[in-house]
Number of protein chains: 2
Amino acid sequence: MRPTVHDIAAEAGVSLATVDRVLNNRPGVRSVTRDKVERAIAALGYVRDVAAANLAKGRTYPLIFILPAGENSFMRGLEAEVRAAMARSAAERTDITILSVPAFDAPALAAALLDAREQRPAGVAVVAVEAPEVAEAVKRLREDGIAVVTLVSDLPGSERDHFAGVDNIAAGRTAGSLMGRFLGGREGPVAVLAGSMLVRDHCERLEGFRAVMSEDFPGRRILPVVEGQDNPALVETLVDTLLDKHRDLAGIYSLGAGNRGLVSALEKAGRAKAICAIAHELTPHSRAALVTGTIDALLNQNAGHEVRSAIRVLKAKADGLSVIAAQERIRIDIFLKDNLPVEQA
Amino acid sequence: MRPTVHDIAAEAGVSLATVDRVLNNRPGVRSVTRDKVERAIAALGYVRDVAAANLAKGRTYPLIFILPAGENSFMRGLEAEVRAAMARSAAERTDITILSVPAFDAPALAAALLDAREQRPAGVAVVAVEAPEVAEAVKRLREDGIAVVTLVSDLPGSERDHFAGVDNIAAGRTAGSLMGRFLGGREGPVAVLAGSMLVRDHCERLEGFRAVMSEDFPGRRILPVVEGQDNPALVETLVDTLLDKHRDLAGIYSLGAGNRGLVSALEKAGRAKAICAIAHELTPHSRAALVTGTIDALLNQNAGHEVRSAIRVLKAKADGLSVIAAQERIRIDIFLKDNLPVEQA
DNA sequence: CTGTTAGCGCTTTCAG
DNA sequence: CTGAAAGCGCTAACAG
């Protein structure tokens, strides 16, 4: 049987309360006593039963998730994952609220953060837009002892505790590597389609993509980036134009959302098979396009992992604990038509 | 505050003990009483606090992992993950033992299973070798109420409760898809290197690979499969021969282990860059070869995920609970030099 | 500064 | 068949 607080109290010749004080390094213990207890802990190889501690504490973690509104499938999937986490709230001792804000709107986001602050949550997870006022709002939250985690898109240089998302430079590089190899010796330029250069994740993907293309495939021309605001209708128009203007287009890297527009444009132009398309995020639409071959490869971040990681980190930070960074690293999934996960119910 | 057993006892007008009997559907409750309690549970929307239940039960799960011996890096990594899980034993209420058996040795594996059975564990996780005597041993365990999960390599048709591993047909298809696209119009045949056709995972990868090559790249010649027993030295000799015999070799798919041998053979022949190599499992060696470009792509199964999943499933099965299959599905990771995870300490 | 005591939500004897 | 009471390992008042 593994040792309990009773055992260590007995071993150290003190009471349970004192052991508890040492364990949770609460003040009010003479250092001699503290030493005795610590020796006992070490001697018995005590490890605290976290479940029992939580039960006794009855602590819950009020958490707020701030997500962009709109019909972006990835974001709606992310929201679904947050709702799934809400369903597990009881078991995980969390109490989650979702706040919705317009996409790519820094003032609205800053306001939402301050709004969240009023509710005095233990932590806030936010899909960031890169702007000084947002960083400033994050700072205010931190000053109030509220843990802040950026989700999907980061806010470097701010005081956020952690970023729960993928390495977007690596994602862009991966896209570039696949694009270059898939095209092989085929002639023609490659177009790049982003959502907005206001969000960090899109900028970083572009940076990684360009880096690999120029390092490993220097002969390939990359067209200037086009911004579709993650809006399918706008994306479709933009791609229509691209296809029309560049009859020899060899590939398209879509690093943002709105892939429905990309897919329709390619298909109606009858160039779905001829053009190598690489996009991000596995959604019902992008999945279908991968299966038919309109999209050749899909990079994905697992929204479920991101949400669960954000929650774990927020809870840890709220308790002043550190996290094992490596363990919270989010992988970049690569999907081809051949390794698609089975569809969920 | 969410309802507790007390609330439902009060609501139903019975005692705690009766509520508990109903909750865990233990016998000795009149069906009228049972109904009353169940109505109360439904009315209050009660959800049991699993942590508290475990605390009260003080239950632990003795588990046995049976792993192949030898210096196969992937298997040693798997073992390291099992040891990591052992370190978490206290928190997870598990008590894990590792049994080591010679690789690809069905009689030894069957004996080990029977050996494990003597220790009356709650569950056994085993890297299977496909043979009737192994299936028979699994059956004996199940008859004794011991949960059995196959790990990495499955034993279909046996009575194992679950398989914790990747879809190896999909893995083979993915390898084929990448190989076909990476080669593009380049001429030359593709070689396939396996460990042993006695293990299910290798057979399935081969099947998937061949399927995609014939469907999507019918012009490409696939050489007969060569078995390297997951042994680097043997693999090296075999690849030496292949390289010598096929001066126009365009690609190699290594679907088993022993990649050290593959890498040295390619490098010493000076054909590392010219030949497209796709292999399995991220190990220190394969990682290095991916970075230098000797290996072009690596398919990987996350050993940590597999071990944790196996443990979750074994615990659930031991308690007679079902698992959400989708949640326990293990993904196939694809690594290029550009999306390698940061090296762990 | 330290100890006593009463729980957290659930399970488990042991009586009745 | 049902109930009362003790306790899992830990924490939190409240006394001393």
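Small disclaimer: the values here were computed from a predicted structure and weren't measured. Because only heavy atoms are used, hydrogens play no part in the values below, and waters and symmetry mates are left out as well, while side chains stay in. Chain letters run A, B, ... following the sequence lines, proteins first and then strands; every chain starts at 1.
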Evaluate B:Val127 against B:Ile66 for side-chain contact (heavy atoms from CB on, under 4.5 Å), listing each step before the verdict. CA-CA 7 Å; B:Val127 178; B:Ile66 306 181; over 6 Å; no
Pair A:Asn300, A:Ile332 - check side-chain contact (heavy atoms from CB on, under 4.5 Å), show working. CA-CA 6 Å; A:Asn300 184 65; A:Ile332 299 161; over 6 Å; no
Any idea which of [options] is nearest the [X] side chain?
X	options	value
A:Ala52	D:dC10, C:dC10, D:dC1	D:dC10
A:Leu55	C:dC8, C:dT12, D:dT2	C:dC8
B:Lys57	C:dT11, D:dC10, D:dA12	C:dT11

Ion pair present between A:Arg331 and A:Asp167, side-chain N to carboxylate O less than 4.0 angstrom?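 No salt bridge links A:Arg331 with A:Asp167.
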If the cut-off is 4.0 Å, is A:Thr33 near the phosphate of C:dT2, judged by side-chain N/O to OP1 or OP2?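 Checking C:dT2 against A:Thr33, a side-chain N or O does come within under 4.0 Å of OP1 or OP2.
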Does B:Arg48 put a side-chain nitrogen or oxygen below 4.0 Å from OP1 or OP2 of C:dC10?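 So the side-chain polar atoms of B:Arg48 never come under 4.0 Å of the phosphate oxygens OP1 or OP2 of C:dC10.
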B:Leu67 vs B:Leu151, side-chain contact (heavy atoms from CB on, under 4.5 Å): CA-CA, chis, key distance, verdict: CA-CA 9 Å; B:Leu67 308 177; B:Leu151 193 63; 4.2 Å; yes
Value in whole Å for how far the [atom2] atom of [N] lies from [atom1] of [X]:
X	N	atom1	atom2	value
A:Leu44	D:dG9	CG	C1'	15 Å
A:Asn54	C:dG9	CG	P	13 Å
A:Arg26	C:dG3	CZ	P	15 Å
B:Glu92	D:dG9	CD	P	18 Å
B:Asp49	C:dG9	CG	C1'	6 Å
A:His6	D:dT11	NE2	P	12 Å
A:Asn25	D:dC10	CG	C1'	16 Å
A:Arg59	D:dG9	CZ	P	24 Å

Looking across every strand, which nucleic acid part, if any, lies under 4.0 Å from B:Gly28 by heavy atom: base, sugar-phosphate, or nothing?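 Touches a base.
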Which part of the nucleic acid, if any, lies within reach of A:Val29 when heavy atoms closer than 4.0 Å are counted: base, sugar-phosphate only, or nothing?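 Sugar-phosphate, no base atom in range.
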Does A:Arg48 make a cation-pi contact with A:Tyr46, if we ask for NZ or CZ under 6.0 Å from the ring centre and within 45° of the axis?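 Because its charged atom misses either the 6.0 Å distance or the 45° angle limit, A:Arg48 does not stack over A:Tyr46.
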Assess the residue pair B:Asp95 and B:Leu63 against the criterion (side-chain contact (heavy atoms from CB on, under 4.5 Å)); give the C-alpha distance rounded to whole Å, side-chain angles, the decisive distance to 0.1 Å, and a yes or no. CA-CA 6 Å; B:Asp95 176 13; B:Leu63 263 28; over 6 Å; no
Is A:Asp7 reaching over with its side chain to a backbone N or O of A:Thr4, donor-acceptor style, under 3.5 angstrom?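 Answer holds: yes.
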Checking the side chain of A:Lys57 only, and the main-chain atoms of A:Ala52 only, is there a donor and an acceptor separated by less than 3.5 Å?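 A pair under 3.5 Å: no.
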Stepwise, does the salt bridge (Lys or Arg N to Asp or Glu O under 4.0 Å) test hold for B:Arg142 with B:Asp161? CA-CA 9 Å; B:Arg142 296 300 321 288; B:Asp161 290 277; 3.3 Å; yes
To the nearest 0.5 Å, what is the distance between OG on B:Ser309 and NE2 on B:His162?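 Nearest 0.5 Å value for the OG-NE2 distance: 4.5 Å.
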List in numerical order all residues of residues 7-24 of chain B for which some heavy atom is under 4.0 Å away from an atom belonging to DNA chain D.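 Nucleic-acid contacts, sorted: B:Val14, B:Ser15, B:Ala17, B:Thr18, B:Arg21.
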Taking five pairs at each end, how big is the angle between the two axes of the helix from C:dC1-D:dG16 to C:dG16-D:dC1, to 10°?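 For the helix from C:dC1-D:dG16 to C:dG16-D:dC1, the axes at either end differ by 40°.
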